[in-house]
Amino acid sequence: MSPLFLFLSFVALLSALGVVLAKNPVHSVLFLILTFFTLSGHYLLLNAQFLAAVNIIVYAGAIMVLFLFVIMFLNLNEETEPHKPALAKFAAAIAGGSLLLILVAALRNVNPAGYDPTNFDSQIGMVDRLGMVLFKEYALPFELASILLLAAMVGSVMLGKRETGERNF
């Protein structure tokens with residue numbers, strides 16, 4: 001294993017723990033951004049440059065800005081948050097333990113395939129290969145997704161520009 005992989009894994013695990021254990025929600029979001037950056041480093045090690053770029057642009061960029069906006073807009077603090085009863089904490093611990101048990105049972109007999117240098121394709125994660133597959137085999141779903149996003153943008157603009165007492169439909 002490469003030292004860079006071990007370092008990125010260590011930082012990813014620590015920052016994921018920071019997401020869960022941070023008391024301040026803004027600090028939790030910042031730890032989540034660090035987790036996304038380390039996962040992008042793993043994508044780069046796997047020769048998936050497009051996934052690394054999309055992970056940074058979409059998740060570490062846009063989604064985290066949205067999370068920070070909502071957290072700051074809600075102005076969360078300890079005084080306004082209701083304390084959870086002990087039964088809810090116990091139920092959460094049981095649910096988490098059950099999930100861990102199910103994951104261990106499901107992955108118990110998994111034998112991951114090793115590296116085969118004879119069948120290795122160094123161009124597998126490149127953007128040009130992805131573009132060729134996307135625009136040849138999946139052209140229709142790609143265009144349908146773009147129409148759906150366009151309709152969502154037009155709808156959000158219409159809802160955002162609505163005057164008081166005005167109906168758009």
Side-chain angles (χ1 to χ4, degrees), residues 1-71 74 76 78 81-142 144-145 148-149:
M1 276 193 260
S2 108
L4 183 58
F5 172 78
L6 293 174
F7 173 74
L8 286 173
S9 299
F10 180 72
V11 173
L13 288 173
L14 283 182
S15 58
L17 281 173
V19 170
V20 176
L21 299 176
K23 298 288 184 190
N24 188 343
V26 175
H27 293 160
S28 182
V29 168
L30 293 175
F31 278 123
L32 190 56
I33 291 172
L34 181 62
T35 305
F36 284 141
F37 273 104
T38 57
L39 291 178
S40 293
H42 281 103
Y43 287 143
L44 288 175
L45 288 176
L46 290 170
N47 201 23
Q49 292 85 3
F50 180 74
L51 283 179
V54 166
N55 190 32
I56 289 174
I57 292 169
V58 173
Y59 288 107
I63 303 292
M64 288 301 107
V65 167
L66 180 67
F67 280 7
L68 281 173
F69 174 75
V70 168
I71 288 170
L74 292 176
L76 298 174
E78 280 188 40
E81 178 150 349
H83 291 284
K84 294 170 182 57
L87 182 62
K89 292 179 183 178
F90 181 71
I94 294 295
S98 300
L99 177 65
L100 179 66
L101 182 68
I102 290 169
L103 284 175
V104 167
L107 298 174
R108 184 183 58 209
N109 295 326
V110 172
N111 294 322
Y115 171 69
D116 185 13
T118 59
N119 295 332
F120 180 69
D121 184 10
S122 65
Q123 299 297 313
I124 199 72
M126 297 297 179
V127 178
D128 57 347
R129 295 281 281 295
L130 178 69
M132 295 301 280
V133 170
L134 185 64
F135 291 122
K136 283 187 178 179
E137 296 178 30
Y138 298 103
L140 181 63
F142 181 77
L144 290 176
L148 178 68
L149 289 173

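The chain is numbered in sequence order, starting from 1.
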Asker: Output the distance between atom OG1 (Thr35) and atom CG (Leu14), rounded to the nearest 0.5 Å.
Answerer: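 Reported value, rounded in 0.5 Å steps: 9.5 Å.
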
Asker: Rounded to the nearest 0.5 Å, what separation is found between the CZ atom of Phe7 and the OG1 atom of Thr38?
Answerer: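 Taking CZ in Phe7 and OG1 in Thr38, the distance rounds to 9.5 Å.
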
Asker: Taking the side chain as every heavy atom from C-beta outward, state whether Leu130 and Met132 have any pair of such atoms under 4.5 Å apart.
Answerer: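 Of all side-chain heavy-atom pairs linking Met132 with Leu130, none is under 4.5 Å.
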
Asker: From Leu101 CG over to Ile94 CD1, what is the distance, rounded to the nearest 0.5 angstrom?
Answerer: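 Answer rounded to 0.5 Å: 11.0 Å.
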
Asker: Please state whether the rings of Tyr59 and Phe36 are parallel, tilted or perpendicular, taking 30° and 60° as the class boundaries.
Answerer: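 It falls in the tilted class, 30° to 60°.
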
Asker: Counting C-beta onward and ignoring hydrogens, is there a side-chain heavy-atom pair between Ile56 and Phe37 closer than 4.5 Å?
Answerer: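 SC-SC contact between Ile56 and Phe37 confirmed.
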
Asker: When rounded to the nearest 0.5 angstrom, what distance separates CG in Leu144 from OH in Tyr138?
Answerer: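 With rounding to 0.5 Å, CG (Leu144) is 14.5 Å from OH (Tyr138).
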
Asker: About how many Å separate CG of Leu4 and NE2 of His42, when rounded to the nearest 0.5 Å?
Answerer: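 Result: 8.0 Å between the selected atoms.
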
Asker: How close do Ser40 and Asn55 get, heavy atom to heavy atom, and via which atoms?
Answerer: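 Closest heavy-atom pair between Ser40 and Asn55: OG-ND2, 2.9 Å.
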
Asker: Using every non-hydrogen atom in the two residues, find where Leu45 and Leu8 come nearest and quote the distance to one decimal.
Answerer: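 Leu45 and Leu8 have their closest heavy atoms at CD1-CD1, 3.9 Å.
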
Asker: Measure the spacing between CG of Leu39 and CG of Leu51 and express it to the nearest 0.5 Å.
Answerer: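 Spacing of CG (Leu39) from CG (Leu51) equals 11.5 Å.
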
Asker: Please report the closest heavy-atom contact between Ser15 and Phe31, naming both atoms and the distance.
Answerer: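 Smallest interatomic distance, heavy atoms only, reads O-CB, 3.5 Å.
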
